[in-house]
Protein chains: 2
Amino acid sequence: MGVTKTDYFTGNQNQIAMMAKALGHPARIAIIEHLLKVNACICGDIVSELPLAQPTVSQHLKELKNAGLIKGSIEGNTICYCIDERAFKILKNYFTKIITKLAKQNCC
Amino acid sequence: MGVTKTDYFTGNQNQIAMMAKALGHPARIAIIEHLLKVNACICGDIVSELPLAQPTVSQHLKELKNAGLIKGSIEGNTICYCIDERAFKILKNYFTKIITKLAKQNCC
DNA sequence: ATTATTTATCGTAATATTGCTATATTAAAA
DNA sequence: TTTTAATATAGCAATATTACGATAAATAAT
């Protein structure tokens, strides 16, 4: 059907899945890495960094924003994008916890 | 088009995106968490844990396996699934690195 | 040998995603 | 005010995903 049964899972599971899904495209990973590289909020030059048309990039930015991974603030004519640290902290903690739990396991 | 231009991005970007994509569904997060909870390889009871039909679960398991997130070994009649630690270490390191970089930034 | 159990695969319907062109919107610049 | 620049949105085609019922495949149990 193509429709996900989100109501069958916990809020936490849905949140992690939503953020992971948003990162589940190389263009969006590239956007995040570019935002990290320039080490600041950047206004506009994301399109010229990617081998994709402007509307496509705009769409990817929208998805990252919807998932809470980036923030965008209007700055006159342009929009200033930067990473939303909170989301990445949640992800980092999630995977750190998994590794910690795995260390205590003794199978496989 | 629905087709991702993976050749435009680096191998690392594609790898992270591929793993994130596989985790981008609450059912697959639930599978991972169940594998963690039972603290061992488990043979078969994943289907009864999820509110989804057996072929659907089988499909999700396949995707997790293709992304390298879980391993499955045949054990007679059943199949024994467990988490592949390597993938999760890559993810943990990736997000840890992002948080480290963010700590050095002073914007937003 | 037959039956039951476990998992995978096929086929299919509904929906979502990706990417583009064309166009709208909005603010800055001339 | 007209033009330029930066983003967003609409609409569309191609493809992917999600989910299921039906069925296959393979081993275990009887």
Side-chain angles (χ1 to χ4, degrees), chain A residues 1-9 13-14 17-31 34-35 38 41-67 69-82, chain B residues 1-9 13-14 17-32 34-35 41-67 69-82:
Chain A
M1 297 171 190
V3 67
T4 299
K5 299 182 163 182
T6 52
D7 48 317
Y8 289 176
F9 304 98
Q13 287 169 339
N14 281 312
M18 192 187 162
M19 294 192 292
K21 189 177 186 180
L23 292 173
H25 192 291
R28 295 194 286 266
I29 293 290
I31 290 172
H34 182 62
L35 287 174
V38 296
C41 300
I42 65 169
C43 301
D45 67 341
I46 301 175
V47 171
S48 53
E49 278 294 314
L50 294 180
L52 296 168
Q54 177 267 322
T56 308
V57 175
S58 182
Q59 206 171 268
H60 283 307
L61 287 167
K62 193 179 175 184
E63 275 172 72
L64 287 169
K65 215 163 86 176
N66 284 343
L69 296 167
I70 62 173
K71 294 177 284 187
S73 54
I74 299 166
E75 197 117 326
N77 205 13
T78 63
I79 293 194
C80 195
Y81 284 109
C82 67
Chain B
M1 295 169 187
V3 67
T4 299
K5 299 182 161 180
T6 52
D7 48 318
Y8 288 176
F9 304 98
Q13 286 169 340
N14 280 313
M18 192 187 163
M19 294 191 292
K21 189 177 183 179
L23 292 174
H25 192 291
R28 295 195 285 268
I29 292 290
I31 290 172
I32 294 296
H34 182 63
L35 287 174
C41 300
I42 64 169
C43 300
D45 67 344
I46 301 175
V47 172
S48 52
E49 280 293 315
L50 294 182
L52 294 169
Q54 179 268 322
T56 308
V57 174
S58 183
Q59 205 170 268
H60 283 306
L61 287 167
K62 194 179 175 185
E63 275 171 73
L64 286 169
K65 215 163 87 178
N66 284 344
L69 296 167
I70 63 173
K71 294 178 284 188
S73 54
I74 298 166
E75 197 116 325
N77 204 13
T78 62
I79 292 194
C80 194
Y81 283 110
C82 67

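Here is how names work: the chains are called A, B, and so on, in the same order as the sequence lines, proteins then strands, and each is numbered from 1.
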Within a strict 4.5 Å, meaning less than it, do heavy atoms of the [X] and [Y] side chains meet?
X: B:Asp45; Y: B:His34; result: yes
X: A:Leu50; Y: A:His60; result: no
X: B:Phe9; Y: A:Ile29; result: no

Report each atom pair, protein N/O against N/O of nucleotides 27-30 of chain D, whose distance is under 3.5 angstrom.
from   : atom 1 : to      : atom 2 : distance (Å)
D:dT27 : O2     : B:Asn77 : OD1    : 3.3

So how far is it from [X] [atom1] to [Y] [atom2], rounded to the nearest 0.5 Å?
X: A:Lys65; Y: A:Lys62; atom1: NZ; atom2: NZ; result: 9.0 Å
X: B:Met18; Y: A:Leu23; atom1: CE; atom2: CG; result: 15.5 Å
X: B:Met19; Y: B:Asn66; atom1: CE; atom2: CG; result: 14.0 Å
X: A:Ile46; Y: A:Ile79; atom1: CD1; atom2: CD1; result: 10.0 Å

Length of the [atom1]-[atom2] vector between [X] and [N], whole Å:
X: B:Arg28; N: D:dA19; atom1: CZ; atom2: P; answer: 8 Å
X: B:Ile79; N: C:dT9; atom1: CD1; atom2: P; answer: 9 Å
X: A:Leu61; N: D:dA8; atom1: CG; atom2: C1'; answer: 11 Å
X: B:Glu49; N: C:dT7; atom1: CD; atom2: C1'; answer: 17 Å
X: A:Met18; N: C:dT17; atom1: CE; atom2: C1'; answer: 15 Å
X: A:Tyr81; N: D:dA6; atom1: OH; atom2: P; answer: 14 Å
X: A:Glu63; N: D:dT9; atom1: CD; atom2: C1'; answer: 14 Å

Looking at every non-hydrogen atom in both residues, tell me the closest pair between B:Gly72 and B:Tyr81 and how far apart they are. CA-CD2, 3.7 Å

Nearest heavy-atom neighbours spanning B:Glu63 and B:Arg28: OE1-NH1, 3.2 Å

Please confirm whether the shortest side-chain N or O distance from [X] to OP1 or OP2 of [N] is below 4.0 Å.
X: B:Lys62; N: C:dT9; value: yes
X: B:Ser58; N: C:dA8; value: yes
X: B:Lys21; N: D:dA16; value: no

Can you give me the N/O atom pairs linking the protein to nucleotides 19-23 of chain C at distances under 3.5 Å, or say none if there are none?
from   : atom 1 : to      : atom 2 : distance (Å)
C:dG19 : OP1    : B:Lys5  : N      : 3.2
C:dG19 : OP2    : A:His25 : NE2    : 3.2
C:dG19 : OP2    : A:His60 : NE2    : 2.8
C:dG19 : N7     : A:Gln59 : NE2    : 3.3
C:dC20 : OP1    : B:Lys5  : NZ     : 2.8
C:dC20 : OP2    : A:Ala53 : N      : 2.9
C:dC20 : OP2    : A:Thr56 : OG1    : 2.9

